[in-house]
Amino acid sequence: QGQLVESGGGLVQAGGSLRLSCAASGSTFSVYTMAWYRQAPGKQRELVAQVSSGGSTNYADSVKGRFTISRDNAKNTVYLQMNSLKPEDTAVYYCNRRINPSSWGQGTQVTVSS
């Protein structure tokens with residue numbers, strides 16, 4: 001797997017929604033469990049959600065019921081639908097393989113105002 005390009009972030013009010021996209025290059029995208037991570041200022045990067053090659057999903061407790069991860073293997077793309085956003089969701093969001101992450105992309109900034 002090569003380059004990862006995240007997009008879709010922005011500034012949104014609390015309670016709003018955003019949909020993030022991550023386009024991956026490479027021919028083996030479909031075999032990997034993919035994940036979204038986030039890093040807030042002054043904090044370590046944390047796992048937000050993951051989706052297996054077969055479509056099984058898992059979420060951090062902090063986003064369960066609000067975020068939905070999905071993937072389109074034909075487009076080598078993974079998505080994160082974020083609803084009911086909270087100020088504490090403010091962070092730079094990244095995607096990568098869940099196991100043995102490859103080089104990190106630049107991420108996409110999500111800012112939630114109160």
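Below, all heavy atoms of this structure are taken into account, side chains as well, without hydrogens, waters or symmetry copies.
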Remaining members of hydrophobic cluster (4.5 Å side-chain criterion), W104: Y37, L47, V92, Y94

Whether T90 side chain and V112 backbone form a donor-acceptor pair below 3.5 Å: yes

Side-chain (W36) to main-chain (Y79) donor-acceptor, under 3.5 angstrom: yes

With S17, the side-chain contact (heavy atoms from CB on, under 4.5 Å) member among M82, R66, Q81: Q81

CG-OG1 distance between N83 and T68, expressed to the nearest 0.5 angstrom: 6.5 Å

R38 side, atom CZ; E88 side, atom CD - distance, nearest 0.5 Å: 8.0 Å

Donor-acceptor contact below 3.5 Å, side chain R45 vs main chain Y93: no

Verify same cluster id: M34, Y59 (apolar side-chain graph, 4.5 Å): yes

Donor-acceptor pair between S25 and N76 side chains, under 3.5 angstrom: no

side-chain contact (heavy atoms from CB on, under 4.5 Å) involving S30 - partner list, sequence neighbours excluded: N73

D89 with K86: basic N within carboxylate O range, under 4.0 Å: no

Over 12 non-hydrogen atoms of neighbours within 6.0 angstrom of CD in Q106: no

Under the side-chain contact (heavy atoms from CB on, under 4.5 Å) test, residues paired with T33 that sit two or more places apart: Q50, S52, R98

